[in-house]
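First up is the structure itself, then whatever we jot down about it.
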Amino acid sequence: MATTILSMKNIDKRFAGVHALKGVDFDLQEGEIHALVGENGAGKSTLMKALTGIFPKDSGEILYLGKPFNPKGPKDSLDAGIAIVHQELNMMDHLTVAQNLFIGRESTKGRGWLLDEKAQNKRASDLLRRLNMDIDPTEKLANLTVGKQQMVEIAKAVSYDLKILILDEPTAALTDREIDDLFVIMRDLAKKGVAMIYISHRLDEIGVITDRVTVLRDGEYVGTEKTSVLSKERMINMMVGRVIYEQPKSHSMVAPDAPVVLKVTNLNAGRQVQNISFELRRGEILGFAGLMGAGRTETMRALYGADPASGSIEIDGQPVLIRQPLDAVRHGIGYLSEDRKRYGLAIRLSVSENSVMAAYDELSPKMLLSLRALEETASTYVDKLAVKTPSLDQLVKNLSGGNQQKVVIAKWLIKNSKILIFDEPTRGIDVGAKSEIYSLMAELAAEGKSIIMISSELNEVLRMSDRIAVMCEGRITGFVDIAEASQEKIMHLATQRE
Ligand SMILES: Nc1ncnc2c1ncn2[C@@H]1O[C@H](COP(=O)(O)OP(=O)(O)OP(=O)(O)O)[C@@H](O)[C@H]1O
Ligand SMILES: [Mg+2]
């Protein structure tokens, strides 16, 4: 008989204007990996924050190891053996990897008065090696990719003596390799009796790594099932209350005579961007596939003027100079970054402020009058994307992760860019909203906008793109028309080293 180590009963939580948890039950057995799924805003992160004392629950009961458990804060729960890796990165950018790993429990010397940087780096490198993570402990966190930062955060959590590890969307920013490594770490922990709560919108992963699945919908508990007997269709149905079919695109939707709107020739920016040349046509969705680290984001950052680069760029047949993001914006290019917290959103501002932000500079004094019109536009897009927020005045930091992503998308749609670069647009977005975003992208393309879409999910690339550029180690290794595309072909090009 498996032992239940955690049981949450009838948990209730309200925020101003939102009833986030409505009497939710959840239980966890020793050594099991238990998925917690549901649409954006369903209450997953809130339930985990109530468990770890990040904020108090309004009512309900938590039994942990047979006793009532009411942590006053994350430190209490960590002391009790419960760690959480949050959905949004939570570390100090300006510190090194080792410093981040051991914040609050630094290595010391001289009777504990002096920081022993050397010993601490050694401790860090032992830990990272044990977890098979190829990360330099002396590197500043800010210099790592989002994926690597996430791995550091996971390493930090598992370095404690744990009974429960909570992973809130840990794989959203990870490469396939890193995901495999994470699964090895998780299975190892499970063998040692550590129980895990695993939150993810990638339903295929859930089938691979978890033992049981609990579904929340709209703050309510829907049910718990054994993963082995739960089909993906049924899981989706439990999550969204309807069935969603996703099929790959069979042929390009671009008009045969569609003009080239963007032409990039020999773009170079460091090792990650080497002689990149491609064309983008009006109404085209050009997918960029490749393994993480292939240089896709770096290419777009170079194109967008976010990083120094050389090469030539033509828009509508005219050479243009893009030295900084503002130049790109002026030429009608919108960039939806993969790291929304760093580049995409002002999380301390409201939903409507964020949405119309990118459009502000288009306002001449005369047009200031139309601020209200802009707010109305914001509201239209917030509805269109089904952003779950009690009002347009809600601060973005109070939205669930997936809903923050939708606000970034709304922002660039409102700006009315003619070329949209979407870097991992549906990362952290639930299945229902994903399919809304897909239809929206298809609509935009049909209206004549051109879209570059970087995605690490092959299903998504095959579903949305008219054509696919594949990158490997900073170079484009091939273009594939959607009519001829397959997972195998793309993977082959994605691993075609020089
Ligand atoms: N601090 C807060 N203040 C106000 N509302 C909040 C706060 N935190 C969460 N909410 C609201 O509570 C609801 C549940 O949010 P939660 O973050 O738990 O969703 P989630 O299931 O984790 O979604 P996602 O998959 O997008 O991460 C949402 O409507 C959210 O906007
Ligand atoms: Mg969440």
Side-chain angles (χ1 to χ4, degrees), residues 8 11-24 26 34-58 60 73-74 84-90 150 153 166-173 197-203 205-206 213-222 235-236 238-241 340-341 344-345 347-352 354-355 382-383 385-410 424-437:
M8 302 178 77
I11 308 295
D12 222 87
K13 176 76 190 174
R14 280 173 199 271
F15 299 106
V18 182
H19 196 172
L21 297 173
K22 305 170 188 165
V24 171
F26 182 80
H34 194 136
L36 185 59
V37 301
E39 291 184 285
N40 296 132
K44 306 176 297 289
S45 299
T46 303
L47 187 66
M48 294 301 106
K49 287 176 184 167
L51 168 60
T52 49
I54 290 164
F55 42 60
K57 57 188 183 317
D58 295 344
I84 178 164
V85 173
H86 287 285
Q87 187 170 12
E88 303 296 335
L89 293 169
N90 238 325
Q150 180 72 295
E153 194 144 346
I166 303 161
L167 296 160
D168 194 346
E169 266 187 69
T171 56
I197 303 171
Y198 188 78
I199 301 178
S200 175
H201 288 291
R202 299 188 168 188
L203 304 185
E205 269 172 12
I206 286 166
V213 180
T214 288
V215 182
L216 299 184
R217 191 198 306 158
D218 226 357
E220 282 177 56
Y221 172 78
V222 178
M235 185 164 33
I236 293 176
M238 286 171 83
M239 283 167 65
V240 302
R340 56 181 173 256
K341 199 163 170 185
L345 281 175
I347 61 165
R348 275 173 233 291
L349 296 184
S350 72
V351 171
S352 65
N354 266 284
S355 313
V382 162
D383 285 351
L385 290 167
V387 177
K388 205 172 169 208
T389 176
S391 80
L392 283 176
D393 300 327
Q394 177 70 297
L395 299 186
V396 163
K397 72 174 164 62
N398 290 339
L399 295 188
S400 79
N403 283 299
Q404 293 184 4
Q405 179 79 339
K406 293 194 210 169
V407 174
V408 189
I409 297 180
E424 305 286 359
T426 64
R427 170 177 296 166
I429 295 220
D430 71 57
V431 275
K434 238 183 202 173
S435 96
E436 286 157 25
I437 287 173

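One-based numbering, in listed order, for ligands and for the atoms of each.
Salt bridge K388/D218: present, at least one basic N to carboxylate O contact under 4.0 Å.
D168 contributes no side-chain N or O that, together with a main-chain N or O of I199, makes up a donor-acceptor pair within less than 3.5 Å.
Checking only distances, G41 does come within under 3.5 Å of ligand 1, N or O to N or O. Considering backbone and side-chain atoms alike, F15 places every N or O at 3.5 Å or more from each N or O of ligand 1. Between S45 and ligand 1, at least one N/O pair is under 3.5 Å apart.
Nearest non-hydrogen protein atom to atom 15 (O) of ligand 1 is T46 OG1, 3.6 Å. Scanning the protein heavy atoms around atom 29 (O) of ligand 1, the nearest turns out to be V18 CG1, 3.6 Å. Nearest protein neighbour of atom 10 (N) of ligand 1, counting heavy atoms only, is N398 O, 3.3 Å. In terms of protein heavy atoms, atom 17 (O) of ligand 1 is closest to S400 CB, 3.4 Å. Residue, atom and distance of the protein heavy atom nearest to atom 27 (O) of ligand 1 are Q87 NE2, 2.7 Å.
The atoms of ligand 1 that sit less than 4.0 Å from any heavy atom of A20 are 12 (O), 13 (C). Taking every heavy atom of E39 and a limit of under 4.0 angstrom, the matching atoms of ligand 1 come to 21 (O).
Contact annotation: for H201 versus ligand 1, heavy atoms closer than 4.0 Å belong to the side chain alone.
Here S45 reaches the Mg ion (ligand 2): one of its N/O/S atoms is less than 2.8 Å from the metal.
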